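What follows is a single structure, written as structure tokens, with notes after it.
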Amino acid sequence: MRTSLLQARSLGKRFGTVEAVKDATFDVHPNAITAFLGENGAGKTTVLKLVLGFLSPDSGRFSFSTEKIGYVPERPAFFPWLRGDQILRCTARNFGLAERRLDRIIDDLSRQIGFDPCLLSRRVHTYSLGNQKKFSYLQSLLVRPDLLIVDEPFSALDPLSIKKTRDLFLELKGEGKTLLLSSHLISEMERICDEFIVIKKGCVIVQDDISRLKDEFFFVSLPKSGWKRGSLDLAPSHIRETESGIQMLVAQSRLRESSVSWPEGTEIRHPDLESLYFFFSSL
Amino acid sequence: MSGRDRLPVAFSINRRKLLSAKVNGLVLSGLLLLLAYLWIADSFSLSLRAFLYLCPFLSLFFSQDMMNDEIHSGFLENVLFIGGRFRCYLISKNALVAAFALGIALVLFSGFAFYGLATRQFEARVLGQFVAGVLVGLYYVAAAGFLSFFFRAGSNVLIILLGQVLLFVGLLFTASQRMGLLNRLTDSSFPGIGAKLEFLAVSFVLPNIVIARRSWLNVLGLGAMTALFFGLQIWKIKSLELRKR
């Protein structure tokens, strides 16, 4: 059984009459990049805020197997009376980092994320949005987190910074770190993530390993006419009907073994994250 | 990491906030100028009396914008405050603001005390008045801190000052009907529980009067109200969530 760095079970959260999170059960596995996907208002940020302790769950529970957690919010905000270097020194002191090595660590991290260290002598709220985001990465990485949680990792970043951030995530994973990234940018997530979690209307509807699905499954799209229900014994979660036809996620082994004759117009291909996301989120 | 380890960080953040707020600098400079003027133009004794009455207002002004803006601005959704640490930070703010104001008050009082002792103008009752002033300062921090959950920026301080002005003007305009209360305030004599409770109610809005007219009931009453406001703050913070930006 795989260990989890973060384990959430049946998390629930209500804001008045709105049930923002109903049943969020998922695991974040170590040394992996997990994409947390869902449409606007699905409950991604609320779930992140629940596990980070900014909100209190009404039901369910969660646990971390590490205390070293980093967090980069979607729109970071900083005390307007503090300069960048003062916030970093506060952070270092809070997490018990040695003062004498701090400048070198800050320089190294700044280079890694493409942040100009000259900005540190200014108050952070005067930075551009992109630089505030980079500063938030810098602050979180300073604590050497085992688990880095990022809400919309690429928002407010320019294309070059997006590339640098993507490379940074892969470097962190290479160093044995774990990342939980909540994002709308499926194409970016596809390039870096190992696992994905889909949340819809406050419920986690699927969590799986992307490469496993890519290696072991085919994505089959076929017209409604000519398809006999029950020809393939599929789990209900692996088949859906749309207006244009039927979509199925079929294990490659089953496809090879079966003697199903596919109707004309059937398309069989390897799944990608985007098709998996739309498939699961429309179930 | 224990709460004690986090205290220096909370102290560092709040010290810089207090130092960077222009209004704090103005209030402190204004107080120093006034005390110096009274000393030079009138006497050491008047300057000391003004210090004792006005010093608690430092705590009041330092308590502006204690909670609301920080809670709703998103500043606390930071790696420094994950795992509910923002609650410890907010609770410690009261102590840090009070400590900051008390530190300044102690420095100023030491100056007055040394000069007063050297020139034999220092009376023992002044010490009691200073302690009462410290209690009033704590009351201001607790009350203004509690109000700052509901009011933005410096509105919490303005509401307290407005309350004091309204009460003062109210007493002034109804002086003929309230001669009893005004006489008792002047004489520091509060016979009967009714008069004591009336004075207590007035001292909740104008706590500085406790500095001049001390009675155990009022000191205890003000102490109880201070504890109540701190308790209410802790209760609010314990159930606080960082919901919206």
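We use all heavy atoms of the structure for the numbers below, so side chains are in, but hydrogens, waters and symmetry mates are not. Model, not experiment: these values are computed from the prediction. Proteins come first, then strands; the chains are lettered A, B, ... in the order of their sequence lines, and each starts at number 1.
Relative orientation of the B:F81 and A:F79 rings is perpendicular, given thresholds of 30° and 60° on the angle between their planes.
Within residues 15-45 of chain A, the residues that have a heavy atom under 4.5 Å from a heavy atom of chain B are A:F15, listed by number. Among residues 51-63 of chain A, the residues having any heavy atom closer than 4.5 Å to a heavy atom of chain B are, in sequence order, A:L52, A:G53, A:F54, A:L55, A:S56.
Heavy atoms only, all atoms of each residue included: A:A77 and B:S73 are closest at CB-O, 3.5 Å.
Between B:S20 and A:R123, the closest side-chain pair of non-hydrogen atoms falls below 4.5 Å. With a 4.5 Å cut-off on side-chain heavy atoms, A:K49 and B:E77 count as touching.
Contact of A:K13 with chain B is made through the side chain alone, with heavy-atom distances under 4.5 Å. Contact of A:R83 with chain B is not made at all, since no heavy-atom distance falls under 4.5 Å. Heavy-atom distances place both the backbone and the side chain of B:I13 under 4.5 Å from chain A. In this structure, chain B has a heavy atom under 4.5 Å from the side chain of A:L82, while its backbone stays farther away.
Here A:I69 is the residue among A:V143, A:I149, A:I69 with the most heavy-atom pairs under 4.5 Å with chain B.
The line from CD1 of A:I87 to CG of B:L80 is 8.0 Å long, rounded to the nearest 0.5 Å.
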